[in-house]
Amino acid sequence: MCWRDRAGDGLEHESHGKVGPALLRSWGASPSSLAGARRRGGSRSGRRASARGAVLLAALPMFRFQRRRDLQLRSWQGVEDRSEVQGLGKPSRVYCLRSFLPKEQVAELREYLRSSEDYEISSDSVDEAPTFEFYPCARGRWRDSVLERLLGPAAEELQQLLKQRLGAGALSEVLVRRYLPSERRGHGLHYDGHAFVTAVLGVSEVEDFRGGLFLQSEAHLSSRRYVELKPGDLLVHSFDLQHGVEVLEGCRYSLIFWFKDSEESVLASTTPWYDELAEAEDVHALYNLGVQHELGVSGKEQDLDLARQFYRRSAEQGHPFAQNNLALLCEEPEAGQWLRRAAAQGHATAQMNLAAQVPEAEAVVWMRRAAEQLDPKAAYCLGEMYQRGYGMAPDLSEARRWYRRSADRGHFPSLTQLGLLSFEEGNFEEARGLFEAASLGDSEAFGHLVAARALLGEKPLDIWQELADEGQPEALFQLGMSYLNGEGVSVDEEKAFRLLQTAAELGHGDAAECLWHLEEEDDGEYAPALDGTSVGPREMHEETTIHHESTGGCHTNKMIGQSKNRQDWWERKCKDKNKDDCKAKKECDWSGWW
């Protein structure tokens, strides 16, 4: 399996690294629905809390601003910190408006975000984990009246500032995302490929979490610097700055404003500034245009030849994301050469991709280098290497250690693997707890969970019914199939259709496919929908597919391929057989990114 840096056409559109087909199919996750995890209670205040916040940040490499000045805007007066981050090409500009939003207003905002029920749990286009996010503003239009009241004036103030400094600026989207224990814990290194300017508002108290937003000037983790944002602080940066989120402890709420250059770009979902900058050979603009042409997004036609051209122009200037993506659109030996160039820079995605292409002993070296950069997928893969004895002697103790390290970073399939290890040792109670935690974001955990609970004395059908009552798509699918086939219950096709339709509406691909095949068998007969109308299984399948492909959108580390079922990646390294099939998949398996 391999990964790739990419762009997206959804509301959120970021860029990481692209993963190729071989690696993703073996080490990726297939999350299903999930229930919200408990959030941590209120934060402490006063001197003790401030001291704890200082301790949490002290052990991390922190970003230091270079200059400070007083700033007067239309309705805000305060302090602005300024700096430049030197990476590839021109320096990226970073500003921080301290206390941009009053404390009382931030406190009201924080409580509203904590109590909101709008968080979506669909799969993220970057890592397939649940998103836990929502958009109160999209395409320049507010959807949430409370947040419009709290944030609208600040957004207008910032928009005017951008117009003064850059001669351009139009609010495009506002995103809210939460990072809670047992849910999402980070968002990998990326660019905001769809945004001209990004602004991140500090919401959570500093003492409530450890880690948070980071900036990274180079491919390797060693250049990562965390930014201290107190409630009300607003960090503003340009599109060419690599950044991400890593919450190492506690709870964090994130609120992001995205601006484009004009109202026309907002309405058309385009990024015309890249075209202008590409004429001057801007390394980041070339990379982003490569992504857009590869995927056919942001107003660009899909054209792999153009994508290669833009990637190559960026890669030749040393852009590791472009080098990684170009490798996955090239044939050997050129592909391997670009992967090695990106991996040598410390690009974790390229290191994982390279591990899928080289002999076992070397594969372990590259996977370890990626895992040591806090990449949860790489840690998972390294754990699997230790468990299977790939390139080394089997070592279950080391396998557990890397699975746990991955799970602590929010990778749900690692919890499933830990549960399987406990299950195989006969520790069914421990396995049950791990499978329950994993089921929040890995649909494959559900079957194991039912098996563990059955061995503890429960009836499988009762377990599926309980999970289905909670709205779990996998449980709805399994229960629907039981009624369809008469497994443990009497055949009830109408009830089966209803259960399968509900699962399909929640994004369960197998349920949608099953309905599609049932329609074929029944000569196009339509199944009854939950609201009493008739929805054809084929229509349901198409709607579900469209929803999956347009969900979110992160211009991210692209990995080779993508599949719902994890398999042994080393069994699909192509070697000498099926080379033509592997090449074909390399070109066509990207539809599931969005």
Side-chain angles (χ1 to χ4, degrees), residues 12 36-57 75-76 78-79 96-121 130-138 142-158 171 173-187 198-214 226-236 243-258 410:
E12 181 184 354
R38 295 177 185 172
R39 67 168 181 270
R40 185 174 161 187
S43 61
R44 289 178 281 177
S45 59
R47 186 174 303 171
R48 182 180 178 188
S50 298
R52 179 172 180 269
V55 171
L56 289 177
L57 291 171
S75 58
W76 177 84
V79 173
C96 190
L97 308 181
R98 299 297 180 181
S99 300
F100 187 69
L101 216 62
K103 290 184 178 179
E104 300 78 12
Q105 200 168 336
V106 178
E108 183 181 354
L109 171 64
R110 184 166 54 244
E111 289 307 310
Y112 182 77
L113 299 185
R114 284 175 174 172
S115 61
S116 175
E117 298 180 356
D118 292 334
Y119 292 94
E120 298 178 0
I121 55 176
T131 54
F132 297 102
E133 67 185 24
F134 68 94
Y135 288 85
C137 177
W142 286 94
R143 300 170 168 177
D144 187 306
S145 59
V146 174
L147 292 182
E148 181 179 12
R149 172 178 61 82
L150 290 172
L151 301 172
E156 291 179 7
E157 185 87 79
L158 181 56
L171 180 64
E173 282 88 39
V174 177
L175 172 69
V176 174
R177 183 182 283 135
R178 73 186 187 197
Y179 301 87
L180 306 184
S182 79
E183 292 186 354
R184 175 170 289 280
R185 302 308 286 157
H187 211 71
T198 295
V200 181
L201 179 69
V203 176
S204 298
E205 296 286 357
V206 174
E207 62 268 15
D208 281 353
F209 64 94
R210 179 171 179 259
L213 175 70
F214 64 80
Y226 291 85
V227 180
E228 181 178 1
L229 286 181
K230 295 180 180 178
D233 289 352
L234 187 73
L235 183 88
V236 184
H243 62 283
V245 173
E246 188 72 33
V247 179
L248 303 170
E249 180 183 327
C251 307
R252 178 180 183 267
Y253 288 81
S254 178
L255 195 144
I256 306 163
F257 300 89
W258 280 315

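FYI, side chains are in, hydrogens and waters are out, and symmetry mates aren't considered; it's all heavy atoms of this structure. Being a predicted model, the structure only gives us computed values, none of them experimental.
A 4.5 Å side-chain heavy-atom check between Leu101 and Leu150 finds every atom pair outside the cut-off. Looking only at side-chain heavy atoms (C-beta outward), Val174 and Trp142 come within less than 4.5 Å of each other. The shortest distance between side-chain heavy atoms of Val227 and His243 does not fall below 4.5 Å. Proximity of Tyr179 to Val245: side-chain heavy atoms (C-beta onward) are separated by under 4.5 Å at one or more points. Under the 4.5 Å side-chain criterion, counting only non-hydrogen atoms from C-beta, Leu113 is in contact with Leu147. Here the side chains of Ile256 and Thr198 are in contact, with some heavy-atom distance below 4.5 Å. Looking at Tyr112 and Tyr253, their side chains never come closer than 4.5 Å, going by heavy atoms from C-beta outward.
With Glu157 contributing its side chain and Ser75 its backbone, the two residues share a donor-acceptor pair below 3.5 Å. In terms of modelled atom types and a separation under 3.5 Å, the side chain of Arg178 and the main chain of Arg114 share no donor-acceptor contact. Distance alone, capped at 3.5 Å, is enough to place a donor-acceptor pair between the Arg110 side chain and the Val203 backbone.
Taken from CD in Glu183 to CZ in Arg177, the straight-line distance is 12.5 Å, to the nearest 0.5 Å. Note that NE2 of His187 and CD of Glu246 are 11.5 Å apart. Values are rounded to the nearest 0.5 Å. Atom-to-atom distance recorded for Glu108:CD and Arg149:CZ is 4.5 Å, nearest 0.5 angstrom. Annotation: the span from Glu133 atom CD to Asp118 atom CG amounts to 12.5 Å, rounded to 0.5 Å. Considering CZ of Arg252 and CG of Leu229, their distance stands at 7.0 Å, rounded to 0.5 Å. Distance check: Leu255 CG to Ser204 OG gives 10.5 Å after rounding to the nearest 0.5 Å.
Evaluated for a side chain to side chain contact (heavy atoms under 4.5 Å, CB included) with Leu201, the options Leu109, Val106, Val176, Leu97 yield exactly one hit, Leu109.
When all heavy atoms are compared, the tightest approach of Trp76 to Ser99 is NE1-O, 3.2 Å. Scanning both residues, Asp233 and Glu228, for their nearest heavy atoms gives OD2-O, 4.4 Å. Counting all heavy atoms, side chain and backbone alike, Ala155 lies closest to Phe257 at CB-CE2, 4.0 Å. Counting all heavy atoms, side chain and backbone alike, Pro181 lies closest to Arg185 at N-NH1, 3.2 Å.
Ring pair Phe134/Tyr119 is perpendicular by interplanar angle, where above 60° counts as perpendicular and below 30° as parallel.
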